[in-house]
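Predicted, not measured: the structure shown is a model, and the values here were computed from it.
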Amino acid sequence: MARLDQLGALTKGQRETGSQGMFREEDNLESPIARAALRGYYADLAAGRAEAMSYENFTDWTALRLIDKDGVLLEELPPIQRFLNRVLALPIHMQNALFAEFMRRIADQTERARAAGTLDLGVETLRGEKIEQVSTEDLWTWPKSGAVTRIIGLEVTDPVHVLGAEEAISRNPDKLPMVNRASGRAALISARPMQMYDEDIVTLMRKMVRPNGSSYLEETRFEASAWEDIERPEFTQVWDAEAASLPKTTTTKLYLLTGLLLPIWKDIPTTNERIYRVTPDGATAMIGRTLSEEGAAALRARFLVSNPQTPQDMLTAALGTTAPVDLGRGLSLTRRRVAGEMRLELGGADRGMIDGLKAMGCFTEIIAFQLRVFLPHGDGIDTGSILARIVGHRAARAAEQAA
């Protein structure tokens, strides 16, 4: 199946062409995702976290040893082919239980990889109820041919598929109805944690199903949270109330890098490498590589802004790199990650400037006993105008001093 899909991708440019879409990515038992899922399942079997069978019964029936004499998981574990052969020799009810649990692990690993943008699906077709092209930027032109690389801004609107409480429970029989007493929200959460592997990092996780989708919660965070069991009538009431309050559609902003890509391939951020074929409403079809907002900013800084002079160029440069951008007169603008979120920090401001900077739109925060100044940034915030006021005020003040 894997070779059939690869042949389709090479000859027709889309993975689903080879197998005609009959196979899903999680059906490929030779993939790195399947191997990682199996290693996690072995760890859960050895630790007694698997529901299908105890470790003692597993070793008795399959003759597969997973731990050493000290109870430590073996470095060289049985390969997936041997696991499948031994499972196929079991009674049918044991086969079904083990294989169903293992396939759920593969589906979970695949879902996490898809959400992180690391799942290799070849060329996908971007679908949505409405796909609108909202911006076009010429990023780079190849001198020899005049071919252009562009950043296309897209807004994709999709209907929100919300499950009712009864349907959600029927689809997730292995999960417990729970409520977070701090937030008042309901979720179906895995009764037991599962061990998952992400790039050789081992984490115990629980899957959490909510009215608006699913996510994964680390076991340490779950234990420290306010989630607790809830009776089914109360769960149904809380779940359905939240489901009814959700919007009927959701709009996602994404960027597509199109045109001539090969000469600048090494400069493209690698956090998300999905390739999409898309036909925006009222526009022609195009193929490109997806970019996050930060990735698009990094490319703008790399190709469009070499020596920023205007406030907008300064903002573009700051968003595209972690290096400080000189604003002049001792001030600088730096993109930083603070408490897990991206922020723009204004450096070089003395205490006599704080009140004036706040009046122009900045905000302050004391971190590690130090007062730090930040520019607000995000949806609905005109960061460029705030920066223009700061830069303009600085230039006017310098002119007064010079006079």
Side-chain angles (χ1 to χ4, degrees), residues 5 8-9 12-27 107-108 110-137 150-172 185-188 207-216 239-259 261 269 271-297 378-381:
D5 275 343
K12 297 184 181 180
Q14 192 160 339
R15 288 288 166 87
E16 64 189 27
T17 53
S19 59
Q20 300 300 312
M22 291 184 294
F23 301 110
R24 304 166 300 169
E25 180 66 24
E26 52 262 44
D27 295 325
D108 287 337
T110 303
E111 183 180 332
R112 293 192 71 206
R114 181 180 285 111
T118 58
L119 185 64
D120 181 12
L121 293 174
V123 179
E124 304 172 74
T125 299
L126 181 65
R127 306 184 191 281
E129 186 175 86
K130 179 181 179 183
I131 303 176
E132 185 179 0
Q133 182 175 328
V134 295
S135 64
T136 302
E137 300 172 78
R150 293 186 173 92
I151 298 178
I152 306 296
L154 300 171
E155 288 187 352
V156 183
T157 301
D158 286 301
V160 176
H161 301 287
V162 180
L163 295 178
E166 294 302 324
E167 185 178 2
I169 291 172
S170 66
R171 289 190 182 189
N172 297 276
R185 294 180 176 179
L188 292 166
K207 186 172 183 179
M208 182 167 59
V209 178
R210 301 281 306 281
N212 58 344
S214 61
S215 60
Y216 293 85
W239 176 289
D240 286 342
E242 182 179 349
S245 68
L246 292 174
K248 304 305 179 187
T249 61
T250 180
T251 300
T252 304
K253 178 71 176 290
L254 63 87
Y255 295 93
L256 204 67
L257 191 65
T258 67
L261 302 186
T271 53
N272 189 327
E273 299 181 357
R274 300 176 76 169
I275 307 297
Y276 278 126
R277 176 185 292 112
V278 57
T279 306
D281 297 346
T284 58
M286 62 185 78
I287 293 179
R289 178 169 159 177
T290 54
L291 293 170
S292 65
E293 185 173 354
E294 290 185 12
D379 292 339
I381 299 174

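The distance from atom CD of E129 to atom NZ of K248, rounded to the nearest 0.5 Å, is 13.0 Å. Note: L154 CG to Y276 OH = 11.0 Å, rounded to the nearest 0.5 Å. From E155, atom CD reaches atom CG of L254 across 9.5 Å, with rounding to the nearest 0.5 Å. Interatomic distance, H161 NE2 to L246 CG, rounded to the nearest 0.5 Å: 13.0 Å. The distance from the CG atom of L256 to the OG1 atom of T136 is 10.5 Å, given to the nearest 0.5 Å. In this structure, OG1 on T279 lies 8.5 Å from CZ on R277, to the nearest 0.5 angstrom.
T258 places a side-chain heavy atom less than 4.5 Å from the side chain of R150. The closest side-chain heavy-atom distance from I169 to E167 is not below 4.5 Å. When side chains are defined from C-beta on, R171 does not count as touching V209, because their heavy atoms never get closer than 4.5 Å. With contacts defined as side-chain heavy-atom distances shorter than 4.5 Å, the pair L163/P211 does not qualify. Residues I152 and M286 meet the side-chain proximity criterion, which asks for heavy atoms closer than 4.5 Å. Contact check for L126 versus V156: side-chain heavy atoms found under the 4.5 Å cut-off. Using a 4.5 Å cut-off on side-chain heavy atoms (C-beta onward), V162 and N212 make no contact. The closest side-chain heavy-atom distance from D108 to Y216 is below 4.5 Å.
With respect to the salt-bridge test (charged N to carboxylate O, under 4.0 angstrom), the residues E242 and R210 qualify.
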Applying side-chain contact (heavy atoms from CB on, under 4.5 Å) to I131 and V278, what does each step give before you reach the verdict? CA-CA 8 Å; I131 303 176; V278 57; 3.8 Å; yes

Hey, mind stepping through S214 and K207 against side-chain contact (heavy atoms from CB on, under 4.5 Å) and telling me if it holds? CA-CA 7 Å; S214 61; K207 186 172 183 179; 4.0 Å; yes

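No side-chain donor-acceptor contact under 3.5 Å links D281 to the backbone of E132.
Looking at every heavy atom in both residues, A186 comes nearest to W239 through CB-N, 4.0 Å.
In this model, no donor atom of one side chain and acceptor atom of the other lie less than 3.5 Å apart for T249 and T157.
Legend: residues meeting side chain to side chain contact (heavy atoms under 4.5 Å, CB included) with A283, ordered by chain and number and at least two apart, are Q133, P280.
Around atom NZ of K130, no more than 12 heavy atoms belonging to other residues, nucleotides or ligands sit under 6.0 Å away.
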